[in-house]
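To keep things clear, I will list the structure first and then write my remarks on it.
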Amino acid sequence: MKKLLLSVVALFVAAISWAGTVTLNTNSSASTWTGDANSYTTTIDGWNVTYEKANSTSDCVEPKSDHIRVYKNARLTVAPASASSESIVKVVLTCTASDYAKTPTVASGTISASGTVLTWEGTANQFVVDATGSQLRIKTIEITTAAAGAVLAPSITPNGGEYVEGDEVSVTIAAAAGQDVYYAINSEDVGDAEEYTNPLTVTSNTTVYAWASNGTEVSEAASATFNFTAPIADIAAFNALEKGKAAKFTNALTAVYQNGNNLIVQDASGRMLVYGAVGQTYNNGDVIAAGVRGKVGEYGGNIQLVPTADSFVAGVAGTAVAPVVKTVADLSNCAFLDYVKLEGVYFTLDAGKTKNYTVSDGTNSFAAYNQFNITIEGLAEGVTYNVEGFVSSYNGKAQLQPISVVVADASGITGESSVNESFDSALPANWTAVKVSGDKEWGYKSYSSNGYASMSAYGATEVPVETWFISPALNVKDAELKTVSFKTQVNAYSTTTTEFKVFVLDNVDPAKATLKTELTATLAVAPESGFSAWAESGEIDLSSYGDIVYVGFHYVAPEAASATWCVDDFLFNAVAEQPEELGTKEAPITVAQAMAAYVDGEKKAAWVTGYIVGCVDGSSISMALFGLPTELKTNILIADAADCTDINLCIPVQLPTGNVRTGLNLVDNPTNLGKKVTISGSIEKFFSIAGLKGATEYVIVTPSAIEEVGADVNAPIEYYNLQGMKVANPENGIFIKKQGAKTTKVVR
């Protein structure tokens with residue numbers, strides 16, 4: 001390997017034009033910020049840093065912690081505070097998390113995102129970036145400048161970082177075209193440098209140094225340090241790591257609570273907060289397999305895991321974690337993230353605050369903070385509450401972070417004036433799950449983008465299982481419509497021993513209720529296999545049971561082989577929205593018109609027509625498949641053109657169990673690919689975009705003979721195998737022949 005000779009280096013040094021690099025810390029202690037809601041500016045180490053509201057809908061805020069918060073569509077500008085003959089050639093923005101480092105828009109040059117780091121390269125007198133990809137939360141700004149013609153230090157990718165022992169990191173080094181690259185391992189002496197030709201593999205603590213040369217000049221050294229940490233067994237070992245270190249758990253973790261980007265997990269050694277997107281939804285008690293990894297983060301003085309999302313896998317149902325009943329006086333002695341329940345306490349909002357509360361028993365009090373943004377409504381003076389939450393702290397000040405606040409007794413309760421609950425994303429905080437016995441409880445489930453409450457004793461290790469799922473207090477006295485309705489669904493798993501009933505109660509705690517009357521409702525009927533259709537309960541009159549009541553769903557399973565019962569679309573003093581009618585069977589609307597009519601959160605009945613072009617072969621729209629699936633029968637994609645392969649021009653269509661799925665799915669009906677179909681359903685969110693759900697009827701549109709011949713004669717012929725892959729020379733098998741809008745099955 002060619003060495004960068006010392007004698008040559010000595011000659012080079014005399015002619016070097018060094019580039020300069022400076023790192024600006026953006027925290028509030030680095031300088032004084034001035035400005036208002038439209039912009040803020042400061043000067044740090046000879047550089048002016050300004051961020052403006054620009055096209056953002058959010059006002060600018062003054063930095064008060066360890067980063068600048070540039071809201072989405074706001075603008076950041078970095079420029080020298082005084083005249084300079086050098087140009088900015090590189091800017092590296094290090095952000096607080098990858099969610100706040102999505103690729104923005106720049107005025108010139110190129111910018112790329114890698115984890116929490118944004119890297120810009122180009123030539124400019126000032127650096128201007130618009131936060132179009134996401135909100136930017138910037139901790140440091142590294143600026144590299146150079147005089148015209150200077151030999152710049154090469155780039156090292158990745159530029160160091162924290163890794164786990166066992167990782168193999170491929171490191172590449174690049175310089176400007178026509179320049180040679182040299183490197184040294186753990187030595188910043190250019191005399192130790194060797195010529196770089198291939199990527200390096202780093203597996204242990206290493207610093208890579210690199211230089212670029214144009215034959216007469218040598219750049220200053222670039223460097224990248226790679227640190228490797230041993231895998232850890234448990235949360236106690238994680239808490240001993242330094243901030244910023246990589247962590248990988250060799251043992252499983254158990255989910256306790258999840259809310260948005262907050263996930264609290266535990267093992268035998270303690271509890272831990274995982275903050276960031278993990279790509280999975282967990283219920284209390286779910287076991288998360290070993291292999292979880294991320295980096296040690298810190299917020300408010302507390303250690304937390306910044307997760308690597310793809311290391312989190314779907315959970316396996318385990319034993320739910322129950323809160324420990326404590327008194328207010330006990331809270332000051334609790335450990336970090338202790339899961340507690342307080343019974344019969346006063347819970348009040350602090351004056352002038354929106355998230356700060358006080359919990360009290362009349363003698364002792366403790367600070368509470370609505371960290372998880374749960375819905376806390378109807379607080380009244382003199383009313384006592386049952387509160388569940390986690391004991392935490394912020395900058396050394398202890399606080400209770402609630403996850404549930406419900407009325408403990410009926411005195412003074414006003415109740416909900418109306419309820420329209422579709423369980424779209426989670427079990428609401430004002431609903432109460434009560435576990436009487438066993439180790440299973442009510443949870444949130446979702447299928448085909450529809451959320452609902454669900455209960456099953458399947459997999460229970462403690463039986464019998466008896467649980468309640470109870471509505472918020474309902475103000476029947478003041479309601480115009482004193483009725484309640486809901487939907488149920490059941491999967492019997494070939495057992496008939498599970499009991500499911502609906503009651504009206506006068507207390508949120510069934511053990512304290514003096515009124516406990518079973519309601520007459522139409523409930524789902526278990527089929528021989530699989531899930532039943534959703535059953536409408538009918539309108540149930542509550543007017544004779546009292547002014548303030550609760551509706552409780554009671555589940556009892558004497559054995560682990562049990563039925564699964566589901567509840568959805570609970571209405572009290574409310575009328576289900578009647579969707580707007582769009583199009584007719586004879587004159588349907590197009591896919592483009594359906595997309596234009598879509599409004600998030602609304603449902604619009606419609607007849608829609610389009611060509612079947614594929615399906616979503618998985619759980620997200622990113623898994624769109626233009627062709628034939630091998631197993632999935634639950635949806636198709638339609639577009640206004642038979643040859644469409646752009647997901648932005650398609651809508652997904654849900655295929656419910658029954659004639660619609662039987663007749664349209666592409667597994668059983670491969671010749672449907674490319675056919676035009678007219679479908680009746682509801683335009684609403686499906687796979688997080690505009691879709692058609694609840695299809696009830698369809699018509700396959702047959703083109704006229706003249707249209708069909710014309711299309712087939714003029715269009716090229718394409719062949720696909722039964723997996724939807726295009727085949728150039730089909731032979732020895734069954735294939736789909738597609739010519740224009742006509743699709744047929746052929747045997748070769």
Going by heavy atoms in the side chains, are L136 and L118 under 4.5 Å from each other?
-> yes
Sub-3.5 Å donor-acceptor pair from the side chain of S170 to the main-chain atoms of T201, do we have one?
-> no
Smallest separation among heavy atoms of S56 and A74, with atom names = CB-N, 3.8 Å
Sole residue of I138, L76, T43 in side-chain contact (heavy atoms from CB on, under 4.5 Å) with V49 | L76
Is the backbone of G694 close enough, under 3.5 Å, to the side chain of Q654 for a donor and an acceptor to pair up by distance?
-> yes
Any side-chain heavy atom of F226 sitting closer than 4.5 Å to one from P158?
-> yes
From Y40 atom OH to D59 atom CG, the distance as rounded to the nearest 0.5 Å = 9.5 Å
Under 3.5 Å donor-acceptor, S223 side chain and Y209 backbone | no
Any side-chain heavy atom of T119 within less than 4.5 Å of one from K90?
-> yes
Judged by atom type as modelled, is there a donor-acceptor pair below 3.5 Å linking the side chain of N302 to the main-chain atoms of S393?
-> yes
Taking only residues two or more places apart in sequence or in another chain, which ones pass ring-ring contact (aromatic ring centres under 6.0 Å, His included) with F336?
-> none
Any donor-acceptor pair under 3.5 Å from D640 side chain to A592 backbone | yes
Heavy-atom closest pair (A277 atom, P307 atom, distance to 0.1 Å) is O-CG, 3.7 Å
Using a cut-off of 6.0 Å, state whether more than 12 heavy atoms not belonging to R137 lie near its atom CZ.
-> yes
How long is the gap from CG on L152 to CD on E121, to the nearest 0.5 Å?
-> 9.0 Å
Which distance, rounded to the nearest 0.5 Å, do you find between the OH of Y452 and the OG of S446?
-> 7.0 Å
Just checking, is any N or O donor in the side chain of N25 or T140 under 3.5 Å from an acceptor N or O on the other one?
-> no
Taking atom CG of N125 as the centre, does the number of heavy atoms from other residues, nucleotides or ligands within less than 6.0 Å exceed 12?
-> no
Return the minimal non-hydrogen interatomic distance between F687 and I621, and the atom names on each side.
-> O-CB, 3.8 Å
With distance as the sole criterion, is a donor-acceptor pair present between the side chains of Y257 and N259 under 3.5 Å?
-> yes
Could you tell me whether a side-chain N or O of Q304 sits under 3.5 Å from a main-chain N or O of L273, the two making a donor and an acceptor?
-> no
Which distance, rounded to the nearest 0.5 Å, do you find between the CZ of F686 and the CG of L692?
-> 9.5 Å
Check: T94 main-chain N/O paired with T116 side-chain donor or acceptor under 3.5 Å = no
Flag the pair F228 / Y163 as yes when their ring centroid distance falls below 6.0 Å, and as no otherwise.
-> yes
Enclosure of N55 CG (heavy-atom neighbours >12, cutoff 6.0 Å) = no
Just how far is it from atom NZ of K53 to atom CG of D36, taken to the nearest 0.5 Å?
-> 10.0 Å
Kindly determine whether R75 and V128 satisfy side-chain contact (heavy atoms from CB on, under 4.5 Å), including the steps that lead there.
-> CA-CA 7 Å; R75 174 171 296 168; V128 181; 3.7 Å; yes
Report the C-alpha distance between Y598 and K604 in whole Å, list the side-chain angles of each, state the deciding distance to 0.1 Å, and finish with yes or no for side-chain contact (heavy atoms from CB on, under 4.5 Å).
-> CA-CA 8 Å; Y598 166 71; K604 299 179 180 179; over 6 Å; no
Assess whether side-chain contact (heavy atoms from CB on, under 4.5 Å) is satisfied between W47 and I88, documenting all intermediate values.
-> CA-CA 12 Å; W47 290 87; I88 302 173; 3.7 Å; yes
Which atoms form the tightest heavy-atom contact between E298 and K243, and what is the distance?
-> OE1-NZ, 3.7 Å
Do I651 and I689 come close enough that some side-chain heavy atom pair is under 4.5 Å?
-> no
Under 3.5 Å, sequence neighbours excluded: what are the donor-acceptor pairs made by side chains of residues 286-294?
residue: D286; atom: OD2; partner: N283; partner atom: N; Å: 2.9
residue: R293; atom: NH1; partner: D167; partner atom: OD1; Å: 3.4
residue: R293; atom: NH2; partner: D167; partner atom: OD2; Å: 2.7

Check whether any side-chain N or O of T123 sits under 3.5 Å from a backbone N or O of V89 as a donor-acceptor pair, and report yes or no.
-> no
V265 vs Y282 side-chain heavy atoms within contact, under 4.5 Å | no
Indicate yes or no: at least one non-hydrogen side-chain atom of V616 is less than 4.5 angstrom from one of L637.
-> yes
Which atom pairs, donor and acceptor, lie under 3.5 Å between side-chain atoms of residues 95-113 and protein residues at least two apart or in another chain?
residue: T105; atom: OG1; partner: T132; partner atom: OG1; Å: 2.7

So, does T590 use its side chain to make a donor-acceptor pair with the main chain of Q593 at under 3.5 Å?
-> yes
Within-4.5 Å side-chain heavy-atom neighbours: Y369 and Y394 = no
Of all heavy-atom pairs linking I156 and A210, the shortest is CD1-CB, 4.1 Å
OH of Y444: more than 12 outside heavy atoms within 6.0 angstrom?
-> yes
Is there a side-chain contact between Y611 and V591, using heavy atoms and a 4.5 Å cut-off?
-> no
Looking at K245 and E162, does any basic side-chain N land under 4.0 Å from a carboxylate oxygen?
-> yes
Rounded to the nearest 0.5 Å, how far apart are CG of L93 and CD1 of I143?
-> 9.0 Å
State whether the side chain of T206 and the backbone N or O of S204 hold a donor-acceptor pair below 3.5 Å, judged by distance alone.
-> yes
In terms of heavy-atom contacts, L632 and G618 come closest through CD1-N, 3.8 Å
Step by step, work out the side-chain contact (heavy atoms from CB on, under 4.5 Å) result for Y196 and V208.
-> CA-CA 11 Å; Y196 168 84; V208 177; over 6 Å; no
Single hit among T77, T50, N48 for side chain to side chain donor-acceptor pair (under 3.5 Å) with T41 | T50
Any chance NZ of K397 has more than 12 other-residue heavy atoms, nucleotides or ligands included, within less than 6.0 Å?
-> no
